[in-house]
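Here is the structure we will look at.
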Amino acid sequence: MLPFFVSWIVVSVFAYSIFAFDQGMLNQLLQWFGLSKVNWYNKPEAWPIILTLITIWKSAGYNSILYIATLSGVDTSYYEAAEIDGATRIQQMRYISLPMLKPTMIILTLLAIGRIMNADFGMFYGIIGDNPNLYATTDVLDTFIFRNLRVLGDVGMASAASFYQSVIAFMLVLACNRWANKYQSGSGLF
């Protein structure tokens, strides 16, 4: 759970100590195995994987607590009845646990879809910063808007991009909520 509360700036210091060219832990390990150093901050194709792993590391504890809390609210008589009927653990998970988790999964998915157009600006700007070598794979709408405001001073373009971002996210939430209600009545947010 601790990584969830760690600031992206602190995570960026960890990432830099791992991926730095001169003294990075990963390059030290590569040299120990007799391989040449890699300049990770000039290798754009590696960063989608790196950022995905860092995001999973940072959010896995929080998400697991949400699902554990949902499972702790399941009435134990369901499991006892299934055990009496001869259900294995896998069958109990398939026919009791997963159906009980479905409403929580749907709501968390709808909330995530609402944020799908918003990249985590703190993560991208903290870990990547203003590195034009990595723009090919790590430039997202939030950093584009920030750069337009800070570097170019183009308030109109930044406002239009931000408005576009909000409208698309709103339409996605409406469409997915409609689909969730069609899939199972009353399972959507509204």
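This structure is a prediction, so every number in the text was calculated from the model and none was measured.
- For residues 116-146, every residue pair satisfying the ring-ring contact (aromatic ring centres under 6.0 Å, His included) rule, not counting sequence neighbours, is listed here: Phe121-Tyr125, Phe121-Phe146, Tyr125-Phe146.
- Nearest heavy-atom pair across Ala15 and Ile127 is CB-CG2, 4.3 Å.
- Remark: Asp142 engages Gln165 in a side chain to side chain donor-acceptor pair (under 3.5 Å) (not counting sequence neighbours).
- Using a 30° and 60° split on the angle between ring planes, Trp47 and Tyr41 fall in the tilted class, from 30° to 60°.
- Applying the side chain to side chain donor-acceptor pair (under 3.5 Å) rule to Ser77 yields the partners Asp75; only residues at least two apart in sequence or on another chain are considered.
- Residues satisfying the side chain to side chain donor-acceptor pair (under 3.5 Å) test with Thr143, not counting sequence neighbours, are Asp139.
- When the salt bridge (charged side-chain N to carboxylate O under 4.0 Å, His left out) test is applied to Glu80, no partner is found at least two apart in sequence or on another chain.
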Exercise answer: donor-acceptor pairs, residues 19-28 side-chain atoms, under 3.5 Å, sequence neighbours excluded:
{"residue": "Gln23", "atom": "OE1", "partner": "Gln28", "partner atom": "NE2", "Å": "3.3"}
{"residue": "Asn27", "atom": "OD1", "partner": "Val38", "partner atom": "N", "Å": "2.9"}
{"residue": "Asn27", "atom": "ND2", "partner": "Ala20", "partner atom": "O", "Å": "3.1"}
{"residue": "Asn27", "atom": "ND2", "partner": "Phe21", "partner atom": "O", "Å": "3.3"}
{"residue": "Asn27", "atom": "ND2", "partner": "Val38", "partner atom": "O", "Å": "2.9"}

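- Minimum interatomic distance between Gly126 and Ser12 (heavy atoms only, all atoms of both residues): O-CB, 3.0 Å.
- Cluster membership check: Phe4 does not share its hydrophobic cluster with Val6, using side-chain heavy-atom separations under 4.5 Å among Ile, Leu, Val, Met, Phe, Trp and Tyr.
- Within the 3.5 Å criterion, the main-chain N or O of Ala158 finds no donor-acceptor partner in the side chain of Ser162.
- Shown here is Leu35, whose CG atom has more than 12 heavy atoms of other residues, nucleotides or ligands within 6.0 Å.
- Linking ILVMFWY side-chain heavy atoms closer than 4.5 Å, directly or via other members, places Leu30 and Tyr16 in a single hydrophobic cluster.
- We find the CD1-CG distance between Ile50 and Leu134 to be 9.0 Å, quoted to the nearest 0.5 Å.
- Within 6.0 Å of OH on Tyr67 lie more than 12 heavy atoms contributed by other residues, nucleotides or ligands.
- Summarising the geometry of Gly114 relative to Val173, their closest heavy-atom pair is CA-CG2, 3.3 Å, with the distance given to 0.1 Å.
- Both Ile145 and Phe163 belong to a single network of hydrophobic side chains, linked directly or stepwise wherever heavy atoms of I, L, V, M, F, W or Y lie under 4.5 Å apart.
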If you look only at distance, which donor and acceptor atoms sit under 3.5 Å apart when one is on a side chain in residues 96-113 and the other is two or more places apart or in another chain?
{"residue": "Ser97", "atom": "OG", "partner": "Tyr79", "partner atom": "OH", "Å": "2.6"}
{"residue": "Thr104", "atom": "OG1", "partner": "Thr70", "partner atom": "OG1", "Å": "3.1"}
{"residue": "Thr109", "atom": "OG1", "partner": "Met105", "partner atom": "O", "Å": "2.6"}

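- When hydrophobic clusters are built by joining Ile, Leu, Val, Met, Phe, Trp and Tyr residues whose side-chain heavy atoms come closer than 4.5 Å, directly or via intermediates, Val13 is not grouped with Trp57.
- If you chain together hydrophobic residues whose side chains sit under 4.5 Å apart, Leu152 and Met157 never meet in one group.
- Applying the salt bridge (charged side-chain N to carboxylate O under 4.0 Å, His left out) criterion to Asp154, with sequence neighbours excluded, gives no partner residue.
- For the atom pair CG of Leu141 and CG of Asn118, the computed distance is 8.5 Å after rounding to the nearest 0.5 Å.
- Formation of a donor-acceptor pair under 3.5 Å by the Ser159 side chain with backbone atoms of Gly156 is not found in this model.
- Heavy atoms only, all atoms of each residue included: Pro48 and Thr52 are closest at O-OG1, 2.6 Å.
- In this structure Asp120 satisfies the side-chain contact (heavy atoms from CB on, under 4.5 Å) test together with Trp8, Met123, sequence neighbours excluded.
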Can you give me every donor-acceptor pair (side chain of residues 84-95, partner residue at least two apart or in another chain, under 3.5 Å) with its distance?
{"residue": "Thr88", "atom": "OG1", "partner": "Gln91", "partner atom": "N", "Å": "3.3"}
{"residue": "Gln91", "atom": "OE1", "partner": "Thr88", "partner atom": "N", "Å": "2.9"}
{"residue": "Gln92", "atom": "NE2", "partner": "Ala87", "partner atom": "O", "Å": "3.4"}

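- Within a 6.0 Å radius of NZ in Lys37, other residues, nucleotides and ligands contribute more than 12 heavy atoms.
- Taking the side-chain contact (heavy atoms from CB on, under 4.5 Å) definition, one finds that Ile168 meets it with Met117, Tyr164, Met171, Leu172, sequence neighbours left out.
- The shortest side-chain heavy-atom distance between Met1 and Ile65 falls under the 4.5 Å cut-off.
- Applying the side chain to side chain donor-acceptor pair (under 3.5 Å) test to Asn39 and every residue at least two apart in sequence or in another chain returns nothing.
- The two residues Val140 and Ala119 come nearest to each other via the heavy atoms CG2-CB, 3.5 Å.
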